[in-house]
Amino acid sequence: MAKKKNEAPLTGITVSKEEDFSGWYTELINKAELADIRYNIKGFVVYREWATITIRKMYRKSEDLLELKGHLPLTMPSLIPESNFLLEAEHVEGFAPEVFWVTEAGSSGKLAERLALRPTSETALYKMYSMWIRSYKDLPFKRYLSCQVWRYEGKMTRPFFRGREFHWIESHNVFATMEGAMEQVKEDMETTYQILQDECCIPIIFFQRPEWDKFAGAVHTYAADALMGSGKVLQLPSTHLLGQNFSKPFNVKFVDTDGEEKYGYQTCYGPSQSRNYGAMIAFLGDNNGLVLPFDLAPIQIVIIPILFKQKEDLILTKAREIFERLKNKYTVKLDDSDESPGSKFYSWELKGVPIRIEIGPRDLEKNQMVLIKRHDGKKIFVKDPELEKVVDEIAQIYTKEIKEKSMIDFESQIELTYEKDAAIEAIKNGKIVACGFCSIDLDGECCAEAVEKEIGAEVRGKRVDEEKHEFATCIICGKPASCTVYLAKSY
RNA sequence: GGGAGGGUGGUCUAGCUUGGUAUGAUUCCUGGUUUGGGACCAGGUGGCCGGGGGUUCAAAUCCCCCCUCUCCCA
């Protein structure tokens with residue numbers, strides 16, 4: 001855009017994403033009316049219509065995919081009795097500092113037992129699982145729920161990224177064997193790629209998190225890190241191998257083919273829809289506002305009639321005809337309000353509507369219209385009879401084009417380092433570091449702390465896909481390396 | 001978690017040092033003229049100055065507590 005940012009009026013974004021990401025994100029949230037932060041409880045925000053529609057579409061895609069893979073939906077109460085919550089010790093220890101408690105009710109005062117506003121639903125669900133699951137014939141038992149959870153976050157809250165209330169899906173599954181559970185973890189990772197990379201156009205990579213950084217109560221945690229382009233990573237959905245850590249205290253047992261009663265092997269998976277949305281708008285947006293994948297846009301096509309005196313009727317009639325031709329296949333808006341055309345262009349760009357169709361007197365004479373794609377600004381003149389065909393073509397490739405632009409070559413961001421100084425330098429240069437590490441079991445935790453202090457990065461864990469590097473020694477302590485880990489700064 | 005800075009019509013903001021009638025723009029509504037990248041004219045609506053307490057004849061302004069937001073750093 002040739003237009004200088006400081007000339008932009010208040011309704012547009014005035015901060016450059018490259019120069020001031022935080023300011024840019026705040027303006028995007030406010031001006032595109034995605035969230036309203038004036039609801040004055042810290043960490044609790046109102047998600048406005050435009051964001052809600054897209055988040056619901058994201059939900060639907062994830063839910064459909066989960067059901068396709070054999071999960072059934074259910075709905076759980078949002079309160080968990082403290083006695084349930086206390087059953088698994090590590091889980092309690094991990095979550096207790098973040099729990100909101102309901103301690104009083106109405107006029108009867110204090111409750112006999114405190115009730116936790118669920119921070120996650122393991123301790124609610126597994127109590128039920130122990131009642132529902134009787135035999136190996138009930139397995140695998142795959143369920144999910146779409147809900148809100150509450151965690152009293154100490155860290156700085158940001159709309160969508162980190163709130164004290166957030167919106168997610170959690171899937172909870174039970175298997176007869178550890179291998180069955182591990183297969184589920186792999187399936188969850190595949191699901192995550194399908195949603196985040198293919199639908200949301202966010203590049204990700206999965207790591208097995210170190211022991212000290214795993215989900216409270218899990219055997220192992222596998223988490224997606226989004227590659228934000230600057231060498232920084234952002235944690236997105238994680239899937240957890242629970243083994244029998246919960247099935248034992250919650251008594252989730254089944255009678256196996258051999259007649260023996262056994263504890264199930266469990267997994268859980270929690271993709272946060274609100275955080276995924278935040279990551280998507282932050283990653284794809286530009287200095288004109290939102291950029292959205294075609295399927296996730298609340299409005300996919302906006303028609304803007306260029307009305308001139310004497311010719312209003314002709315143009316409006318044509319615009320309405322275009323609307324009628326497209327409305328059954330796409331979500332279309334005809335913006336015939338009396339704003340000036342330029343003003344409409346800016347505001348629908350801010351909202352990230354993928355296709356804009358302009359129709360004016362000059363087009364009418366030539367029996368054509370003008371299509372503009374939001375994500376690259378390309379302008380296409382289309383003859384009237386070609387309209388449906390061209391729109392179909394754009395709809396087909398629009399998301400793929402965004403994805404192509406946004407997929408970062410992960411390998412090119414990695415720097416292999418053998419010494420601490422090299423790692424410090426690489427992190428400073430915005431790279432992700434691959435290096436040897438003594439252990440991602442608990443005995444490696446002090447080396448991880450050294451990584452944070454001395455290198456200024458976090459140990460993200462062991463890469464899940466193929467491992468190519470061979471490092472002889474740990475970058476910190478010099479002992480023989482048991483694995484290759486990746487170090488990065490995180491959001 | 002540590003630090004810094006904010007909260008005044010829907011939005012942005014002046015006023016606060018030195019207490020005394022609430023400033024401007026924009027949005028919104030009405031009417032009219034316009035319309036190919038942020039149009040214009042005229043009129044109008046809209047405020048418990050974040051909340052509570054204190055000082056004072058008098059508080060947006062001074063003092064205390066709380067809530068909340070923004071930015072930076074663990």
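Residue numbers start from 1 in every chain, and the chains themselves are labelled A, B, ... in the order their sequence lines are given, proteins ahead of strands.
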Counter-base of [N], judged by Watson-Crick or G-U geometry with both distances under 3.5 Å:
{"N": "B:rG44", "value": "B:rC28"}
{"N": "B:rA39", "value": "B:rU33"}
{"N": "B:rG1", "value": "B:rC73"}

- Message: I'd like to know if A:Arg38 reaches the base of B:rG7 with its side chain such that a donor and an acceptor end up less than 3.5 angstrom apart.
- Response: no

- Task: Kindly indicate whether the side chain of A:Glu349 and the base of B:rG37 share any N or O donor-acceptor pair separated by less than 3.5 Å?
- Result: yes

- Item | Contact pattern, 5' to 3', of nucleotides 69-74 of chain B - B, S or - by protein heavy atom under 4.0 Å | SSSS--

- Within residues 369-380 of chain A or reaching into it, pairs that qualify as salt bridge (Lys or Arg N to Asp or Glu O under 4.0 Å) - sequence neighbours excluded: A:Asp286-A:Arg374, A:Lys373-A:Asp376, A:Lys373-A:Glu401, A:Asp376-A:Lys378

- Look at A:Ser340 and B:rA39 and indicate whether a side-chain polar atom (N or O) is within less than 4.0 Å of OP1 or OP2. yes

- Evaluate the ring planes of A:Tyr277 and A:Phe160, with Trp represented by its six-membered ring, and classify them as parallel (under 30°), tilted (30 to 60°) or perpendicular (over 60°). perpendicular

- Message: Run the side chain to side chain donor-acceptor pair (under 3.5 Å) test against A:Lys329 and tell me which residues pass, sequence neighbours left out.
- Response: A:Asp392

- With sequence neighbours excluded, tell me which residues meet side chain to side chain donor-acceptor pair (under 3.5 Å) with A:Lys405. A:His375

Would you measure the distance from the [atom1] atom in [N] across to the matching atom in [M] and give it in whole Å?
{"N": "B:rA4", "M": "B:rC65", "atom1": "P", "answer": "15 Å"}
{"N": "B:rG51", "M": "B:rU13", "atom1": "C1'", "answer": "22 Å"}
{"N": "B:rA22", "M": "B:rU68", "atom1": "P", "answer": "31 Å"}
{"N": "B:rA14", "M": "B:rG47", "atom1": "C1'", "answer": "15 Å"}
{"N": "B:rU61", "M": "B:rG15", "atom1": "P", "answer": "15 Å"}
{"N": "B:rU26", "M": "B:rA42", "atom1": "P", "answer": "11 Å"}
{"N": "B:rC41", "M": "B:rC62", "atom1": "C1'", "answer": "46 Å"}
{"N": "B:rC16", "M": "B:rG7", "atom1": "P", "answer": "13 Å"}

- Using heavy atoms to find the nearest nucleotide of RNA chain B for A:Glu153 and A:Ser343 separately, return the residue whose nucleotide is more 5′. A:Glu153

- Query: Donor-acceptor pair, A:Lys31 side chain versus A:Gly12 backbone, under 3.5 Å?
  - Reply: yes

Identify every side-chain donor-acceptor pair in residues 98-106 of chain A under 3.5 Å, counting partners at least two apart or on other chains, and give the distances.
none

- Task: Using ring pair (Phe, Tyr, Trp, His ring centres under 6.0 Å) as the criterion, list what pairs up with A:Tyr418, not counting sequence neighbours.
- Result: A:Phe471

- Task: Flag as yes if A:Tyr346 stacks onto the base of B:rG38 (centroids under 5.5 Å, planes under 30°), otherwise no.
- Result: yes

- Note on the structure: What residues 370-379 of chain A contributes to the RNA chain B interface at heavy-atom separation below 4.0 Å is A:Val370

Would you list the atom pairs, donor with acceptor, under 3.5 Å between side chains in residues 442-460 of chain A and any protein atom, with sequence neighbours excluded?
from     : atom 1 : to       : atom 2 : distance (Å)
A:Asp443 : OD1    : A:Ser439 : OG     : 2.9
A:Glu454 : OE1    : A:Lys420 : NZ     : 2.5
A:Glu458 : OE1    : A:Arg460 : NH1    : 2.7
A:Glu458 : OE2    : A:Ser490 : OG     : 2.8
A:Arg460 : NE     : A:Asp225 : OD2    : 2.7
A:Arg460 : NH2    : A:Asp225 : OD1    : 2.8
A:Arg460 : NH2    : A:Asp225 : OD2    : 3.4

- Item | Over-ring placement of A:Arg356 relative to A:Phe345, 6.0 Å and 45° cut-offs | yes

- Can you figure out which of B:rG37, B:rU35, B:rG36 approaches the side chain of A:Asp363 most closely? B:rG36

- According to the ring-ring contact (aromatic ring centres under 6.0 Å, His included) rule, which pairs have a member within residues 211-231 of chain A, sequence neighbours left out? A:His91-A:Phe215, A:Phe95-A:Phe215, A:Phe215-A:His240

